[in-house]
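Scroll down for the structure; my scribbles are underneath it.
Chain naming here is simple, since letters A, B, ... match the order of the sequence lines and numbering starts at 1 in each.
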There are 2 protein chains.
Amino acid sequence: MADPKARPVTLRSIADQLGLHVSTVSRVLNGPSEGGARAASGDTAERIRRLAAELGYQPDPHGSGLRTGRSRLVGVLVPRLSDLVLSTIYEGIDEAAGERGLTTIAANSLDDDETRRTRTKMLLARRVDGLIFGDARLDDAFLDRLATDGVRFVLVNRRAGNHPSVTPDDRLGGRLAAEHLLGLGHTDVAVIAGPPFASTGADRTAGFVGHYREHGIRVPDDRVLHSPFDTSGGRAVADRLLRSPNRPTAIFAVNDFAAIGALGAARDHGLHVGTDIAIMGYNDTPLAAELPIPLTSVAVPMREIGRRALELLTRLLAGENVDSERLRPVLAPRASTGPRRTGP
Amino acid sequence: MADPKARPVTLRSIADQLGLHVSTVSRVLNGPSEGGARAASGDTAERIRRLAAELGYQPDPHGSGLRTGRSRLVGVLVPRLSDLVLSTIYEGIDEAAGERGLTTIAANSLDDDETRRTRTKMLLARRVDGLIFGDARLDDAFLDRLATDGVRFVLVNRRAGNHPSVTPDDRLGGRLAAEHLLGLGHTDVAVIAGPPFASTGADRTAGFVGHYREHGIRVPDDRVLHSPFDTSGGRAVADRLLRSPNRPTAIFAVNDFAAIGALGAARDHGLHVGTDIAIMGYNDTPLAAELPIPLTSVAVPMREIGRRALELLTRLLAGENVDSERLRPVLAPRASTGPRRTGP
DNA sequence: TTCCGTAACCCAAACGTTTGGGCCAAACGT
DNA sequence: ACGTTTGGCCCAAACGTTTGGGTTACGGAA
């Protein structure tokens, strides 16, 4: 691995040991594994590769970064890594990056404008080759500015403007939720819609409300409530809904954690979830299926979304023109919206 | 921020514009903000600083890294970032790193030996100045080897050998749990102990069992079950416990997610948690307090643990001798272990 | 035989920074 | 007045890599 005090193994040390020039070694070790254009003779190349492997040579990113101007670093900005949705997406990003020899640097923006700015600046100062933003806002002036400045980035999970993005098809997801609840006979429904600036919540809500509208049922404005994407936020909002005299028979939370909060609120009101009231979430977090009352949710391929985002970025960095991608969600019906049935 | 095609602003470009030498600029911009040893005159220094700020100069890490041999990069290896405990700790690490002008690179090891090896190699190839491991194993040959190789690292959350570490005081935490359950009259208890190679589970279990032993109650070996630190693992193990003819009256899971799984299993067995059976977790995840049946847990300052780990590493890198730190956990009693009471 | 092509290398510059040595002039001490 | 310090700056080398441009030497074509 790494020797104690031994001088780090460098192109030069290899070249010297073999009586070659450093540039020859560099070309051999860089060229496509077999016979690059200006590579060395098969024999020499073999000796070089063998010695490099034996010494455990690892190119110094400072050297190559300095020379090439590229760092093979990708910056990833998310609202919070401790949000399971984002950390799972990040795992997908990092996994795909690793396969391409790229390294990712993650940072939290906390959905705060000032923090985004400083963290992005930090990443740029690190000379990342490109960025992936998981904290885009609808109508995002910051991103627009960055784009005109020539910074290369893609969005993940949330879309904004027409910056290239990889997201779930959230309108469809909202529709699936509506279809499910309507199919169970719920005509009096409410939505816990997440914060208004996130496309995820907005699109899921729009899809949901749209489906109901197309079936002649209007979801009133005061039945669409905004809240943070977390448990306590969901609980607070659900409590408000359940306190009202004519409470809904079903609640669609655009996020599993908000839904879990709603579960708690329902219990506080003495309601049995699944019979007295239907509650469903979104994202199909691993937790959802394992809860005491399993939570109906809309499954989204989060890890795959992360992978695709990284791939999109690499294509962008390669100079290609890229298009946004929408990944297909699928319904995961469980006990929280009705009589117990065999889970998917 | 970053201009479109404009040449990046460098020490040289600043020096040229001011008719100075690049080394002068460097010294001014590096020296302790006021009057370094060999800095320039107050006037010149001021001009340099002003222009640097105006142009938005950011030192190129490739250049300085190459010259100094240091990268100001810290590698962080954890089992999984999508594990809330680890991602929260990581947030603490990253937060503290940011304050010191360091950047962290995170990677998942999945608690898999091969993956650890390759990911660590990757981080080392990136020339990180030091590492923080969140996936240590009791008796960890890999870490021992790394240490003798001169790699500088600290451990977080889990301890191993006598490598410097920052962890919760898990024995104490286990004792707090035992004290709580025993105080409620539970003498017939079981432990969901997590995987056997993690010090966290082992120490929590040891503290728990030790406390009972000191009070004359033996927790039999077949009442201490190992499982992964996740919900489905906890559910499976709890199911086994509850299926047995003489089932325990209380279960201590060394992890909140395993406890949530146990909650589900209890429900499957028609038991009402809090009255029919007591279940408690560990870590006091934000979720715990918000669950339909709030989960008793042992609160651990996860974010602070991360911060301390980073600080410990910086001291280590500065050449100081460092000691491990154990942070104090505190009990968070809730409804899942007894009659509803006001939460902490 | 001469000339060209090419395989297989070597040379050298450049990327941006840091840092041990200068060097000059002004200030100071005696 | 003369030597010494020191403030304020410049010089140059080095870190490891990549890459456009040589330079040989040899094989084959004319």
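- Distance, B:Asp43 CG to D:dG8 C1': 12 Å, rounded to whole Å.
- Not counting sequence neighbours, the partners of B:Pro61 by the side chain to side chain contact (heavy atoms under 4.5 Å, CB included) test are A:Arg126, A:Arg127.
- With distances taken from any side-chain atom of A:Pro8 to the nucleotides C:dT17, C:dC11, D:dG16, the minimum falls on D:dG16.
- As rounded to whole Å, 12 Å separates atom C1' of D:dC9 from atom CZ of B:Arg47.
- Scanning atom types as modelled, no donor and acceptor separated by under 3.5 angstrom connect the side chain of A:Thr10 and the base of D:dC15.
- Between B:Arg50 and B:Glu54, none of the side-chain N atoms (NZ, or NE/NH1/NH2) sits under 4.0 Å from a carboxylate O, so this pair counts as no salt bridge.
- Atom CZ in B:Arg70 sits about 17 Å away from atom C1' in D:dG16, given to the nearest Å.
- Considering only residues two or more places apart in sequence or on other chains, A:Leu317 meets the side chain to side chain contact (heavy atoms under 4.5 Å, CB included) condition with A:Asp129, A:Arg152, A:Leu313.
- Judged purely by distance below 3.5 Å, without hydrogens or angles, the side chains of A:Asp144 and A:His163 pair a donor atom with an acceptor atom.
- Sorted by first then second residue, the ring pair (Phe, Tyr, Trp, His ring centres under 6.0 Å) pairs that include residues 301-326 of chain A, not counting sequence neighbours, number zero.
- Distance, B:Ile48 CD1 to C:dT17 P: 13 Å, rounded to whole Å.
- Within the 4.0 Å cut-off from OP1 or OP2 of D:dC9, at least one side-chain nitrogen or oxygen of B:Thr44 is found.
- Considering only side-chain N and O atoms, A:Thr24 lies under 4.0 angstrom from the phosphate OP1 or OP2 of C:dC10.
- For the pair A:Arg127 CZ and C:dG16 C1', the interatomic distance rounds to 9 Å; values are reported in whole Å.
- In the set D:dT17, C:dT17, D:dA12, the nucleotide with an atom closest to the side chain of B:His21 is D:dA12.
- Counting any heavy atom pair closer than 4.0 Å across all strands shown, B:Thr68 reaches sugar-phosphate atoms only and no base atom.
- Residue A:Ser23 is in base contact, counting any heavy-atom pair closer than 4.0 Å across all strands shown.
- B:His21 is linked by a ring pair (Phe, Tyr, Trp, His ring centres under 6.0 Å) to nothing, counting only residues two or more places apart in sequence or in another chain.
- Comparing D:dG21, C:dG21, D:dG16 by their nearest atom to the side chain of B:Arg27 picks out C:dG21.
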Return one dot-bracket line describing DNA chain C 5' to 3' (Watson-Crick or G-U wobble pairs, both distances under 3.5 Å; ( ) same strand, [ ] crossing, | another strand, . none).
||||||||||||||||||||||||||||||
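- A straight line from CG of A:Leu11 to P of C:dC11 spans 16 Å, rounded to a whole angstrom.
- With sequence neighbours left out, the side chain to side chain contact (heavy atoms under 4.5 Å, CB included) criterion links B:Ala97 to B:Leu102, B:Thr104, B:Leu310.
- In this entry the distance linking CZ of B:Arg12 with C1' of C:dT17 reads 11 Å, nearest Å.
- In this structure, the CG atom of A:Leu66 is 18 Å from the P atom of D:dA13, given to the nearest Å.
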